[in-house]
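Down below is the structure, laid out as C-alpha cells.
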Number of protein chains: 2
Amino acid sequence: MHDPLAAKLARYVPLSVADRMWLSEALGPARSIAARTDIIDEGEDPHAVNVILEGWACRSRQLVDGRRQIVSLLLPGDPCDPHVFLLDQMDHAISALTPVVYAQIPGPVLQELTARSAALDRAFQREALATAAIQREWTVSLGCRSGIERLAHLFCELPTRLSAIGLATRTSCPLPLTQHDLAHSLGQTSVHINRTLQELRAQGLITLRSRRLTIHDPARLAELAHFDASYLHFTVGSDPPPVEA
Amino acid sequence: MHDPLAAKLARYVPLSVADRMWLSEALGPARSIAARTDIIDEGEDPHAVNVILEGWACRSRQLVDGRRQIVSLLLPGDPCDPHVFLLDQMDHAISALTPVVYAQIPGPVLQELTARSAALDRAFQREALATAAIQREWTVSLGCRSGIERLAHLFCELPTRLSAIGLATRTSCPLPLTQHDLAHSLGQTSVHINRTLQELRAQGLITLRSRRLTIHDPARLAELAHFDASYLHFTVGSDPPPVEA
DNA sequence: CGGCTGGTTGATTGGTTTCAACAAGCGTGG
DNA sequence: CCACGCTTGTTGAAACCAATCAACCAGCCG
C-alpha cells in the first residue's frame, strides 16, 4: 500500500496534489511493530497521532478481572484520534493484531497542517465523525444484533472500509483476525464465533480460509446483518481500483 | 440551570469571562420540545449544532424490524457533535426522553467562535474526545459486562456526568429514564432491567424512586461495575457546588 | 519431535428473552 | 367525583441463545 492515509481522507474531501504532499511530509518515519504488542498502552500520555500504514490494529480495554473488549478495529490509513494529544492519558490501549507499520504526526505538525489546508482540516474532521459513527454502529450491534447478525455486519463493514483504500474487492478481502479476535470484538466467546462461522458457511454466504474472507452473496449478507453503509459516510468518488492484497 | 454548556466545557479547559460571553452569544434562541419527540431524525441533513440546555435526550438507531438501540444519553450542556454539519445526513436520530430545551449554534458561528478563542477550540475538541471515550465505554459495557454490572456502571457514569454541571451530588441525582429507556440503552429487555434493579436494591446499593436515583454505597457500586471515571476526562477544577435539581 | 497457537466439537449450565398477565399511578373527560 | 385508558412497573413460567468446561485435532516452528 502506498499512501493509505491520503487514500482514505480523499474519500471524505477531494484532496489537491499539494494536500497529498503536505500530508506525506507530515508523517514521521515509519515504525514497525510485532503482532500482539502495544502501540500505546492504557494510561500513557499521548503526544502524537499514530497512523496505521500496514497491518491491522485495535483499540482495546481490559477490565481488572481479565475480561477484554476490542472496541474498534484500525485498518491501514486509519489515524488513531487526530487530537488525542489534547488528553492527558489514554483510556484504552492500541495494539497490533498483525505485524503493523505505522507513523506518527506530532501534535503541532498536525495543527499546522490543518491550519494550512482547509481541505485537510475538513477531511480530518469528517474522518473523526465517521469514526464516531462506526463506534455507534458497534454499540448497535452489541446492543441489539444476534450473534450471526453481528458477524455478518462486521463482514459487511470490513470489506467496505478496506475497499476505500483499495485493499478489497466487493466480494473478497484479507481478514487476518483469529476467531479469538472476532470474539473479543463482538462480545462473544471464540467457541460461539466458531459455531456462528459454520452457520454462515452452511448458508453459503461466505468462505473464510487462510486469513481471507470471500463473500458469495453480498446482498443476502447485508440483509441478514441489517447493514446500511451510509454510516461510514464515504461520499467522495467511488472505490479506487482494487489491488492485490 | 443557567449555562450548562459553559459549565461543562469549563471542566475540560479553563474559560475566561470573554469565552463565556462569546459562547452564550453564539447560542441561538432556546427551543422547547415535548418528551418522546425527535430533535433531528435519521437521514436529515444537519446544518447546526444542537446543544441540550434542559432535560434529557438520546441518540438512537432503529433497525428495520423495529429493534431500537439508544447509543448515547445527552444531558444538559451536551453538544450533539460540534461538527455534524460537515456531514450530509444523520446516521442516527436525536430524540427527547423528557421535555427538552435546546438551542442551536449554526455551523459558521461555531467556526468563527473556535477561530476567535483557542480555549473554546480546545474545549470543544476535548469534549468530542471525551464523548468518543464514553461511546467506547458503552461498547465495553455491552460487550463484556453482565446485566447487573451494566446497570451499576450507568449508575456510576450518570451522576458523575451530571455533577460536572452541578445537577448531582455524589450520592443522588435525577434519573428521568423509564425502565424501557434503560433497557434500550443497555441492550436488554425492560423485564430483565426490572429484575436487575431489584437485585441492586436488595444489595442495598441504590434506591430508585420517583425519577430520582440515590446511591447508598458509591464505592461498592463502582467496584461491582468496574467503574473508573478517568474515561470521562474531566480534568479542570472540582465539582461545582451542587444545586437542587 | 515437542510445544504452541488456532480451530473444532460435545455436553452441560445459566443468564436473558419471551410471553402473558396483572398492579399501580396518573391525567382526562363524562 | 369516579370511570376509563394509558403508561410504567412487576411477576411467573417456559424457551432459547450463548457461555462454560473439557477434550481433541491440525498446522507451524524451533
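Below, chain A is the first sequence line, B the second, and so on; all start at residue 1.
For the pair A:H180 NE2 and C:dT8 P, the computed distance is 14 Å after rounding to whole Å. Here C:dG15 presents its P atom at 17 Å from CD of A:Q188, a figure rounded to the nearest Å. Between the CD1 atom of B:I148 and the P atom of C:dG14 there is a distance of 17 Å, rounded to whole Å. Per the geometry, CD1 belonging to A:I193 stands 15 Å off P belonging to C:dT9, to the nearest Å. Remark: P of C:dG7 and CG of A:L177 are 10 Å apart, rounded to the nearest angstrom. Distance, A:L208 CG to C:dG7 P: 8 Å, rounded to whole Å. Computed from coordinates, the B:Q179 CD to C:dA23 C1' distance equals 13 Å when rounded to whole Å. Rounded to an integer number of Å, the gap from CG of B:L197 to P of C:dT16 is 13 Å.
Under the 4.5 Å side-chain criterion, counting only non-hydrogen atoms from C-beta, A:L75 is in contact with A:L158.
Contacts of A:R211 with the nucleic acid, taken as non-hydrogen atoms under 4.0 Å apart, involve only primed sugar atoms and P, OP1 or OP2. Residue A:T189 is in base contact, counting any heavy-atom pair closer than 4.0 Å across all strands shown. Across all strands, B:R67 comes closer than 4.0 Å to no nucleic acid atom at all (heavy-atom distances). A:R201 comes within 4.0 angstrom of sugar-phosphate atoms only, judged by non-hydrogen atoms across all strands, and of no base.
Electrostatic pairing of A:D181 and A:R68 does not count as a salt bridge here, judged by no charged N lying under 4.0 Å from a carboxylate O. By the 4.0 Å N-to-carboxylate-O rule, A:R67 lies close enough to B:E149 to be salt-bridged with it.
With hydrogens and angles ignored, a donor-acceptor pair under 3.5 angstrom links the side chain of B:R195 to the base of C:dT18.
Atom-to-atom distance recorded for B:L224:CG and B:R145:CZ is 10.0 Å, nearest 0.5 angstrom. Within the model, atoms CG of B:L97 and CZ of B:R36 stand 5.5 Å from one another, a figure rounded to the nearest 0.5 Å.
Counting only heavy atoms from C-beta on, A:V191 has its side chain closest to D:dT20 among C:dG7, D:dT20, D:dT11.
An OP1 or OP2 oxygen of C:dT8 is reached within less than 4.0 angstrom by a side-chain nitrogen or oxygen of A:N194.
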